[in-house]
Structures are given as structure tokens and as C-alpha cells.
Amino acid sequence: MHSALANWQQEVFPPPDDPSVKWLTLHGNRPLVVAHGGFSGLFPDSSQPAYNLAVTTALPDVVLYCELQLTKEGKGLCKTDIRLDNSTNIAMVYPKREKTYDVNGQQVRGWFAVDFTEKELFESQVSLVQPFLSRPDIFDNLLPFITVQDIRGLKPPSFWLSVPYNMFYKLHNVNVEKFVLETSKSVIINYLSSPEITFLKSIGGKINKVKTKLIFQFLKGDAVEPTTKQEYSAILKDLASIKTFASGILVPKEYIWPTNADKYLEAPTSLVSDAHKLGLEVFAAGFANDMPGSFNYSYDPTKEYLQFVDNSEFAVDGVLTDFPPTASEAIACMAHNQKMLAVRDPLVISHNGASGVYAASSDLAYQQAIRDGADAIDCSVQMSKDGIPFCLASVDLTGDTTAVTTFMARASLVPEIQSKTGIFSFDLTASEIQSLKPQIAVPDETLLPRNPANKNNGKLLTLTEFLDLAKASKSVGILINIENAPYLASKKGLSVVDAVSKALANASYDVIVTQEVYIQSDDTSVLSSFKNVTNYKKILTIREEIGDVPKQSLDEIKKFADTVELRRPSLIKSTTDGFVLNFTNVVEKMHSANISVFVAVLRNEYTVIAFDFFLDPIIEIATYVQQLKVDGIVTEFPATATSYKRCPCTDTPSQQAPYNILQVKPNELLEFAEVEPPAQAPAPALKPSDVTDPPLPPVLRTATNPAVTEPAKAPARNGQTANTANLGLSLFLMMVFSLLSLGCYH
């Protein structure tokens with residue numbers, strides 16, 4: 001194994017199971033993490049690196065799971081799926097060796113281990129490949145098969161041997177039972193599972209059941225158990241009979257938490273409780289970060305594990321997963337901590353509310369963000385035609401509202417705003433905007449649906465309604481994002497700065513000190529308009545990807561803002577196919593000038609999370625916080641970020657932490673695959689001229705706004721306002737007295 005990957009083992013020092021924590025498992029122990037083919041979510045299934053990485057990145061009692069396939073002469077291989085062509089290149093090496101066999105009543109076509117000798121498989125060009133398109137393919141054609149005997153050399157904490165095809169091999173004159181018994185003399189088999197009742201009953205009288213637990217594996221409910229010819233759903237009704245030959249059961253996770261046709265959770269079954277009453281352990285199968293089980297989990301894989309191990313009714317005794325680190329952090333770090341206060345950094349700021357759960361900028365999205373523990377909720381202010389400020393994800397209403405269905409005739413092209421046609425808020429009146437419904441949009445980069453049952457639920461809010469909602473929470477901060485101010489003033493006669501200043505003052509946010517107020521804009525002149533209100537914190541948005549920040553640019557930022565919001569590529573440089581190349585020093589440079597950094601926008605969907613983060617949003621957050629030291633996370637899923645903030649685990653090796661979230665090493669996966677990193681031009685440095693914007697133009701006179709005004713400035717705060725007023729009154733009285741002395745008034 002590559003030395004860099006091997007070093008991961010030296011950085012993880014989790015202690016054994018904490019006896020003070022009470023689990024609702026059969027024996028009260030912490031649920032086990034069972035690594036399905038090793039870390040098969042990253043490396044090809046059942047490869048040596050997959051098993052090695054599972055041992056070094058998961059909890060210390062991780063169980064390595066091997067699905068047994070046998071060669072023509074009875075040599076045992078670890079490989080998921082009886083068809084080798086699904087996860088190897090064997091069809092290219094032996095193109096004429098395809099066969100069709102009856103496998104437990106089903107006609108299956110493919111390449112089978114039983115048709116090949118050990119020499120044909122190991123001394124040829126046959127190698128492993130990743131069968132899932134959502135997983136990296138750079139390790140394809142690099143790695144050979146691993147035998148069951150090879151597992152002994154890995155010194156696993158525990159070993160699970162799965163025997164799914166005993167009857168098939170028996171028909172081909174290969175003795176599975178003999179192989180298992182011989183192997184058990186040199187390899188400790190802690191768990192032995194099979195979906196065949198006759199096999200478990202037969203071997204149960206011959207194997208040492210003190211050392212080896214027999215587990216009956218349930219397949220899909222309508223599948224037929226090959227020896228009794230009963231459907232597994234029928235066998236499930238007689239758990240007591242299973243107890244006579246097995247000490248536990250392995251079931252698809254849907255047996256425990258079923259989902260409906262729309263992928264929403266239904267009520268849990270009583271399976272775990274019923275099995276525990278009979279003394280049967282229960283292991284749940286089918287967990288993978290890139291195969292979310294339900295929309296209820298909002299693409300946060302740790303939430304799915306917690307559903308099975310940390311509820312008030314039961315906990316499964318183990319989970320069979322393709323991503324052992326994620327299962328480990330859920331069990332060791334998240335379980336039993338969900339009601340704790342979030343006390344660690346960073347700040348969590350919503351992005352259009354909890355817009356990964358409800359429609360962006362809807363009342364439900366904001367309420368969810370507050371419930372999820374966001375430190376601040378955000379409002380991107382957009383103006384209606386008649387001058388009412390709304391909270392809307394975009395000035396273009398086509399994506400996040402139902403505007404297309406009713407106002408398509410208002411569509412126009414505004415090059416100053418965007419390059420495509422849109423239906424813009426400033427072309428609709430307030431009442432027309434209020435007639436729209438919010439709409440959950442799928443971000444272009446994720447391509448995955450979000451919570452379709454709530455696609456159009458909730459209502460759009462004016463800025464005043466947003467402020468009232470935030471104020472009622474008494475603790476959550478607010479972030480007001482102002483965009484397109486020059487265009488609105490010069491072309492539409494709308495002063496968004498005036499509208500925001502007035503709304504904040506009317507809600508007393510200019511004097512409230514218990515709830516943070518952030519004013520954010522990509523325009524420095526907008527931020528300057530609020531410089532007189534000292535309790536407002538200013539955030540400069542830098543949308544362009546940058547690779548460096550010279551001192552002159554830092555000095556320029558400091559004139560306008562306390563904080564910058566940067567896009568992810570300005571902090572972490574990745575390849576187009578999802579591998580981390582390097583970390584920039586932009587955060588370090590900003591901090592050297594006492595400028596805070598918020599990173600945006602984080603999403604839970606595995607399609608936008610680098611492979612180096614194991615497709616795990618918690619590891620991505622930990623990387624930004626622990627390694628890059630960002631001060632704030634801007635996210636569409638605040639619940640995931642606050643879950644991290646409650647987590648006692650860190651990325652720093654510690655004997656006290658229950659588990660240590662892994663540190664990401666840029667470029668390491670590419671180096672292991674001996675793939676040359678793609679040449680990429682460095683992102684440009686931020687120039688001082690990129691920071692400063694021209695003054696805001698005067699507000700255009702229109703039919704609805706007949707008075708031409710100067711660019712708006714926020715009113716001064718408290719005593720400043722009174723002092724200014726008193727000064728004006730004094731000057732006025734002095735002028736009057738002067739005129740009287742000259743006889744100008746009679």
C-alpha cells in the first residue's frame with residue numbers, strides 16, 4: 001500500500017467503546033461498523049487498499065466483510081457479486097468465456113469464478129474496477145483479486161465471511177463447507193453469514209460457535225430462499241426458528257425503516273425489537289454515501305446511520321457500509337449528541353434559509369434554518385417594481401418561484417444583470433410577487449432532486465416579514481445581502497440601500513445588540529453606505545476565483561469590510577473529476593490582515609463533494625474549519641453544519657476524542673493511483689482595482705419615484721443622530737437671529 005495512505009493509520013487513535021454510554025443494542029454495546037468489501041466506496045470492492053483503508057479510517061473494532069467466490073479448484077476469493085464482469089475487466093481478458101447459469105432459480109449471464117483456475121485469474125491481466133459511476137475510476141485496472149487467506153495478513157480487528165452461493169457451487173462440485181472449515185483453522189472468522197438455511201444448519205454443528213457467530217442473511221422480501229423455497233418475507237414472520245441455528249440476522253435496511261414509493265420514511269417496523277427479545281443480533285445492510293435512502297436525510301449520510309442507532313426505541317447491532325469512516329463518525333461522534341448545544345466554531349450562516357430542505361427564501365426555509373441552529377439567517381434583498389424589498393434567492397424569479405407559469409410575458413434580457421433571459425423582480429409589483437409560490441430548485445452543480453414533497457410549500461417574504469421572523473427568535477443573527485444596487489438606482493429608480501436602511505431601523509436592528517447584523521454586498525459603495533452604523537458588520541462578496549491576495553488588496557478590503565465571503569475554489573483547488581489538488585493560502589492571508597473568511601456555498605449532495613472528503617459533508621466541513629481555519633460556513637443545509645459543531649471529534653489525534661475525523665492531504669489519492677495531476681493555471685491574484693467599486697449613481701426619477709435623490713446612506717446611530725439634529729437646529733437659530741439683527745424680519 002502507498003506509504004502516504006498507510007500514514008493515515010498513525011493519525012487515528014480512537015479509544016475503545018465508552019462503557020458509560022448506553023446503547024439500545026442487544027448487549028448494550030456500541031454498534032459495529034462492518035466494512036462491505038473494505039472501503040468500497042472509494043477503492044474497488046474487496047481490494048487490498050480498500051481493506052487497509054477501512055482498518056485505518058474506521059473505528060478500532062471495525063469488521064472486514066468478504067463475500068466468498070470460489071475458483072474451479074476451490075480457491076477462495078473476496079468479491080461482491082457472483083458475476084466477476086460487474087467489477088473486474090475479465091470480459092476484456094477472456095472475451096469468449098461468458099456463460100449462463102441457474103443461480104438460485106434465476107438465469108444469470110456473465111463470467112464466473114468457478115470457470116477459472118487460480119492461475120488464470122492471478123497470472124493474467126485480470127484486475128479490479130469500480131462498478132459505480134458515482135465513485136472514482138482512477139484505480140481501475142491497477143489492483144488484483146485478494147484471497148480469503150490474504151485477509152489474515154491484514155490483521156483485521158474482526159472478520160466477516162459471507163457465503164451467498166453455497167448451492168450454486170455445490171452444483172459445480174466445489175465444496176464451500178469444506179473450504180470454510182479448513183479456512184477457520186488459520187483465519188479467525190468472527191461472523192459467518194449466508195442466505196441459505198441448510199448451509200447454516202449444516203455447518204453449525206461443525207464450526208466453533210464460540211469463536212464464530214452464525215448470521216442468517218435476508219435478501220429482498222420477494223426473493224426465494226433456495227433450500228426451503230419460501231420467500232424471505234415469510235421467513236421473517238418466524239424469527240424464533242432462526243434462533244435455533246443462528247445468533248443474528250443481516251437484513252436490508254428497508255426491513256427496519258421502510259420508505260414509500262416517493263422515498264420518504266414510513267414508521268419503523270418492530271423487527272429489531274422482536275429480534276432482540278429472542279436474543280438475535282440485528283445487522284442492517286445497504287449503507288452508502290452515494291446511495292441515499294430517503295429524502296428525510298437531506299443527503300446527510302450521518303443522519304441515516306443515526307436513524308438506525310440513535311432513536312428512542314432501538315439500535316441495530318451493526319451497519320454494513322461501503323463508507324466505514326462516515327459510519328464511524330456517526331456512531332462515535334454524532335450519536336447521543338444531537339441535543340447538545342453547538343459550542344465550537346465556525347459560524348453557520350444559511351443560504352436562502354435551509355434551501356436544501358425547503359424552497360429558497362421561503363418562510364419554511366428560514367424557520368427550518370432557525371430550528372437547525374443556524375447562527376444567522378440570510379436575506380438576499382430584491383426590489384419589486386413599486387419599491388418593496390423582498391427576500392428572494394435571485395433577482396431572476398424563473399428558478400426559485402412559479403413566475404414562469406404566470407408572468408412569462410414579462411421575460412426580458414438585462415445584460416447588466418445576467419446573460420440569459422429572465423423574469424425579474426423589479427418588473428413585477430409587490431402584489432404580483434406575493435401571488436407567486438416558492439419553488440425548490442435543483443442547483444446546476446448537483447443534478448439531484450430535493451425534497452419534492454415540499455417543492456412549492458411555504459410563502460415568499462418581504463424584508464419586513466423576514467426581520468419580524470428573525471426578531472421573534474430573539475437569538476438568531478441576520479445577514480442582509482444587497483445586489484445590483486447601481487442598476488436598480490440608475491435604470492429602475494429604486495434605492496435598495498434606502499429600503500434596507502429603513503426596514504432595519506423600523507425593526508430597531510440599528511440599536512439591537514443581542515442579534516448580530518451582517519450587511520453583505522459585492523459592491524464596496526453599498527458597504528460604505530452603512531459605515532455610520534457601527535454595530536453592523538460588513539461582508540464583501542468576492543465571487544471570482546482567486547489564488548492570492550496581495551497586501552495592497554488586503555488594505556483595500558479593510559477600508560470597507562470586516563469579512564469576506566469566498567467561493568470554495570478560492571480555498572480548495574480541485575480537478576474537474578473531483579480530486580483535491582491543493583489548498584490555497586488565501587485564508588491565511590486574510591487572517592494576517594484581521595479579515596474574517598466565510599466560505600460559500602456548501603451543499604450536502606455527494607455529487608459536489610470531492611472524493612478526498614469521502615463524499616461526506618462532515619469531512620468537507622471539518623477540512624474547511626480545522627485545516628483551513630475559516631470563520632464561517634455558508635450552507636444550504638444548516639443542520640449538517642451544526643451537527644458538526646456539536647461533535648466532540650476533531651481532526652487532531654487524541655486519546656480523549658471518541659474518534660478523529662481524518663485530515664485531508666491534497667493530491668494524495670492521485671499520487672496513489674500514479675496519476676499525474678492535471679496542469680492547471682493558477683487562479684489570478686485579487687488586485688486592488690478588483691476590490692473598489694465606483695460610487696453609487698443617483699436614483700433615477702420615475703413615475704413612481706418623481707424625486708431625484710443622491711445615493712443613500714444609512715442614518716447615523718443613536719447619539720450621532722441626535723447630535724446631527726442639534727447641530728442643524730443651532731445653525732438654523734443662529735441664522736434667524738442674524739437676520740433679525742439686520743432688520744430682515746418685521
Side-chain angles (χ1 to χ4, degrees), residues 40-42 130-137 253-254 257 259-265 286-307 321-323 326-327 330 350-362 364-365 368-369 372 393-394 398-402 438-458 567-569 572 574-580 599-621 633-641 643-644:
S40 54
L42 188 62
Q130 179 61 262
F132 298 101
L133 295 177
S134 56
R135 300 176 183 180
D137 61 4
K253 61 188 179 184
E254 294 79 14
W257 279 98
T259 56
N260 60 26
D262 297 321
K263 292 189 70 175
Y264 287 93
L265 288 176
F287 293 90
N289 293 7
D290 54 349
M291 299 177 189
S294 168
F295 287 114
N296 297 80
Y297 305 131
S298 299
Y299 294 102
D300 181 348
T302 60
K303 286 183 67 175
E304 182 170 23
Y305 291 110
L306 293 176
Q307 195 80 12
T321 175
D322 293 0
F323 290 82
T326 302
S350 72
H351 185 246
N352 303 311
S355 53
V357 182
Y358 290 104
S361 302
S362 66
L364 296 181
Q368 186 67 46
D372 290 343
S394 170
T398 57
D400 298 283
T401 77
T402 55
Q439 179 170 282
I440 295 179
V442 175
D444 291 338
E445 68 171 358
T446 68
L447 302 177
L448 293 173
R450 290 177 167 181
N451 197 9
N454 287 287
K455 181 177 181 179
N456 296 117
N457 288 350
R567 295 301 183 258
R568 290 171 299 165
I572 297 179
S574 299
T575 65
T576 54
D577 52 354
F579 292 93
V580 172
V599 60
V601 174
L602 269 62
R603 299 181 169 105
N604 281 2
E605 287 92 344
Y606 61 87
T607 49
V608 295
I609 299 176
F611 293 124
D612 302 74
F613 303 138
F614 302 160
L615 308 186
D616 183 340
I618 293 293
I619 293 180
E620 181 181 34
I621 291 170
I633 296 286
V634 180
T635 174
E636 295 175 346
F637 297 88
T640 300
S643 180
Y644 167 78

*Just by distance, do the side chain of Asn296 and the backbone of Leu265 share a donor-acceptor pair under 3.5 Å?*
yes
*Residues in salt bridge (charged side-chain N to carboxylate O under 4.0 Å, His left out) with Asp372, at least two apart?*
none
_Among residues at least two apart in sequence or on other chains, which ones pass side chain to side chain contact (heavy atoms under 4.5 Å, CB included) with Ala369?_
Ser350, Ala354, Ala374, Ile377, Pro638
*Just jot down the side chain to side chain donor-acceptor pair (under 3.5 Å) partners of Lys303, sequence neighbours excluded, or say none.*
none
*Between Thr446 and Tyr299, does any side-chain donor sit less than 3.5 Å from a side-chain acceptor?*
no
_Thr401 side chain to Pro438 backbone, donor-acceptor under 3.5 Å_ = no
*Which residues pass the side chain to side chain contact (heavy atoms under 4.5 Å, CB included) test with Pro131, sequence neighbours left out?*
Ser87
*Determine whether the aromatic ring centres of Phe287 and Tyr305 lie less than 6.0 Å apart.*
yes
*Any residue meeting side chain to side chain donor-acceptor pair (under 3.5 Å) with Asp300, in chain and number order, not counting sequence neighbours*: Thr302, Thr640
_Please check this pair: side chain of Ser362 against backbone of Ala365, looking for a donor-acceptor N/O pair closer than 3.5 Å._
yes
*Looking only at atom types and distance, does a side-chain atom of Arg135 sit under 3.5 Å from a main-chain N or O of Asp290, one as donor and one as acceptor?*
no
*Only counting residues at least two apart or in another chain, list the ones meeting side chain to side chain donor-acceptor pair (under 3.5 Å) with Glu620.*
none
